[in-house]
Q: 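Below: one structure in structure tokens.
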There are 2 protein chains.
Amino acid sequence: MSDRQIAQEVERQWNILRRGVVEIIPEAELKERLTRSLREDRPLKVKLGLDPSAPDIHIGHTVVLHKLRQFQELGHVVQLIIGDFTGRIGDPTGKSETRKQLTEAEIEENARTYKEQLFKILDPEQTEVHFNSKWLAPLTFSDVLELAAKTTVARMLERDDFERRYRANQAISVHEFFYPLMQGYDSVALGCDVELGGTDQKFNLLMGRQLQQEYGQEPQIVMMLPLLEGLDGEKKMSKSLGNYIGIDDEPNDMYGKAMSVPDELMLKYFELATDLPMEELELLEQQLTTGTLHPRDAKMQLAKTFVRMYHGEEAAEGAEQHFKTVFQQNALPEDIPEVVLGKGELENGKLWIVKLLTRLDLVPSNGEARRMVGQGAVKIDGQKVEGAGVDVDVTDGMIVQVGKRKFARVRVEA
Amino acid sequence: MSDRQIAQEVERQWNILRRGVVEIIPEAELKERLTRSLREDRPLKVKLGLDPSAPDIHIGHTVVLHKLRQFQELGHVVQLIIGDFTGRIGDPTGKSETRKQLTEAEIEENARTYKEQLFKILDPEQTEVHFNSKWLAPLTFSDVLELAAKTTVARMLERDDFERRYRANQAISVHEFFYPLMQGYDSVALGCDVELGGTDQKFNLLMGRQLQQEYGQEPQIVMMLPLLEGLDGEKKMSKSLGNYIGIDDEPNDMYGKAMSVPDELMLKYFELATDLPMEELELLEQQLTTGTLHPRDAKMQLAKTFVRMYHGEEAAEGAEQHFKTVFQQNALPEDIPEVVLGKGELENGKLWIVKLLTRLDLVPSNGEARRMVGQGAVKIDGQKVEGAGVDVDVTDGMIVQVGKRKFARVRVEA
């Protein structure tokens, strides 16, 4: 390629890559690195770090994954790093239930699940999968001290969560300082060109940049993507908050959850989490603004798009059909109150219909519950409940209806 | 031994061991441990950690060494731990000149010098010498994280020097947190019963206690000894401040330095740094209080005791004689002004007599200096200087005299 062609191609890649990105540090270096990549015909190495605990990729994660996919489509290579070293050592304080030590087999299994889920978006041909125990486990005490010497206590305490805990007199174990250091060292070990992450990862991403410099490498460029709010419209989407759409969710469930995305977030979901081309997105926005498209119809398009992306065209049609049958024909009201049920309230995921109705406050008493069921006035997801002896399979998002006007949406605690 | 005999013996040991000690944490445990030691006929393991950089033991260090010697005389074992691991890794930041990486040979040589010096006080038969690289070097990254997990950032920042630096926005590298952790881990590795140190070591000593508990051991007892002020009477005795008496100092030098101990510290020096029995010390104190003993005579006794302890009886007599000849017969005034010379001012430790006299402000000009030397009016340590061409060997503590009334004591920067 001529210099002019290269400059044009860099501009083209830049325009694609910067889309939807919150911050690139530093922007100029990314352009330089892209230029060199083209000149030397060497794809960039683009890193994403993954937690080794049980993976369950949701739409929130896909924001970063779609960006990685774009890198791949432009010819670059993705380096997925599974933080198995951290998982293998567990939490040395033994205090954290959530970070219990994983066995080799569990880590293998998690890695397999990761690949299965991630390759729904990423191209396996342009994806390397690494386990960081490969380079972290062999480090000696001297190596570790050398690593620790690269940064200061004050710098560490600038990290949001450390600072907050330090101020609040909450204990920070000294070993916790190593989590960002390990993540940063991963970039040194693989010589990454770019690392991606959510805006909440800024400290860790910059640590990689700093450590690469300290170890005499060209520092990686850091690319931060927005965090997608969950279905509650407020908090970051996360499994533990239960406000997520999992990419392994069943078609009908996925469709239904997408329909509960708040209107004001719809376009953000389209932009960050779907493969909808930019032009269509702009058209959609215009139609919504002018009122020529009803938000509900736009959201059905979003829901269908998600199902298509993860389950294919046919499943998408099916889910749409199911939704129309169950929900629209029953003319569900716009605002259905949600009731959260604890897992402990269920037995093997089931609950007796009479208990369920009183629990959801749809009836004042067991007697009334039995009467309504007996009259055929109780429906679950549009299906009539036959008999007051039934144990109902309670699923997240399911709609329970009593008579014409009483509704409740069930949320099951994750 | 019967229980009663054991109780008596514990009481006897306790009375010896607590002498001159600032703090024992906790006192009750030491008594218990002594009791068990006698019951099970198992000597206590008493630890002292040593810096691996060039050793030059001075009187200030001997405060702790005498206490160790007492433990030995009561049948216990001393564990000297040379922190060679720290020395071998040097300063990973590369910023500190003083903590440069030591070679194996240098560490060996330093250890040899240590033993040579320490065995002037300690009994080699009851002394183990350990290098902490033996157990620290093989630690894996997982082990290190486990170690780091045993304490918190807040706890570390309670340490005096860390706290001061953190408040003053001075950088603390993360690896520095490992210095107390390593010292503490040494106690775990050797299962120490007691660790000794100066009061400035409290944090590190307690870290050993804490870590032993964390690793499921009985925690060591911590014994803190007073810091001996140097010859300036104010600052802790240290080589770098030049206010020290080295135990390898030549007899005359050692004697002369001891004579410059401030009167008010004399008894403290006797108590903490000599082998004078308690009864003699009490007598001395009484005589000084009642005025039956002149402070200068008491100090000569101190000086002679030091020389005897480190060079033998004969050398002590010789040094006393030398002092009497040179100083007393010349009727030195009580207060001789001191002038500190930088090493950079000397050439191979020498300085031209004319320069020296003007530098010490004993004469107003070079001409006057030549004239006084020519008249035979210049003496160094009582010896007449012959000729204005002489290059003088400048030694620390040397007295330069011009005529009958002008004196200066030279201090050479260490």
Side-chain angles (χ1 to χ4, degrees), chain A residues 84-96 99 101 132-159 161-163 165-182 184-185 207 211 214-215, chain B residues 84-96 99 101 132-159 161-163 165-182 184-185 207 211 214-215:
Chain A
D84 71 322
F85 182 68
T86 330
R88 211 160 280 173
I89 56 173
D91 176 11
T93 65
K95 281 172 196 156
S96 162
R99 198 174 301 263
Q101 194 167 347
N132 71 357
S133 63
K134 188 175 164 191
W135 50 82
L136 292 179
L139 292 186
T140 65
F141 197 174
S142 300
D143 296 330
V144 174
L145 287 169
E146 190 185 340
L147 175 60
K150 304 292 188 202
T151 189
T152 69
V153 174
R155 178 89 184 80
M156 279 290 170
L157 288 177
E158 282 168 16
R159 200 172 88 152
D161 57 337
F162 287 152
E163 190 195 17
R165 285 162 61 195
Y166 187 65
R167 278 179 196 273
N169 289 318
Q170 287 168 347
I172 304 165
S173 283
V174 172
H175 81 283
E176 294 184 67
F177 277 4
F178 280 97
Y179 292 109
L181 284 170
M182 289 190 277
Y185 190 79
M207 183 58 72
L211 288 182
E214 296 275 0
Y215 282 91
Chain B
D84 71 322
F85 182 68
T86 329
R88 211 159 280 174
I89 56 172
D91 176 11
T93 65
K95 280 171 195 159
S96 161
R99 198 173 305 260
Q101 194 169 349
N132 70 358
S133 62
K134 188 175 163 194
W135 50 82
L136 291 180
L139 292 187
T140 64
F141 197 173
S142 300
D143 297 329
V144 174
L145 287 170
E146 190 184 341
L147 176 59
K150 304 292 188 202
T151 190
T152 69
V153 174
R155 177 90 185 80
M156 281 289 170
L157 288 177
E158 280 168 16
R159 200 173 89 154
D161 57 338
F162 286 152
E163 189 195 16
R165 285 160 63 197
Y166 186 65
R167 278 177 195 275
N169 289 320
Q170 287 168 348
I172 303 166
S173 283
V174 171
H175 81 281
E176 294 185 66
F177 277 3
F178 281 96
Y179 292 109
L181 284 171
M182 289 190 277
Y185 191 79
M207 183 59 73
L211 288 182
E214 297 274 0
Y215 282 91

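Order of the sequence lines sets the chain letters (A, B, ...), proteins ahead of strands, with each chain counted from 1.
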Q: Students often mix this up, so state it plainly: with edges at 30° and 60°, are the rings of Y166(B) and Y166(A) parallel, tilted or perpendicular?
A: perpendicular
Q: Report the residues that fulfil side-chain hydrogen bond (donor to acceptor under 3.5 Å, both in side chains) with E163(A), sequence neighbours left out, ordered by chain and then residue number.
A: R167(A)
Q: To the nearest 0.5 Å, what is the distance between CZ on F141(B) and NE2 on H175(A)?
A: 10.5 Å
Q: Please classify the contact of V144(A) with chain B as side chain, backbone, both or neither, using a heavy-atom distance under 4.5 Å.
A: side chain
Q: Out of curiosity, E176(B) CD to T152(A) OG1, how far, rounded to the nearest 0.5 Å?
A: 10.0 Å
Q: If you tally heavy-atom pairs under 4.5 Å against chain A, which of D143(B), L157(B), N169(B) wins?
A: L157(B)
Q: Looking only at heavy atoms, which two atoms of A149(B) and S173(A) are closest? And how far apart?
A: O-OG, 3.6 Å
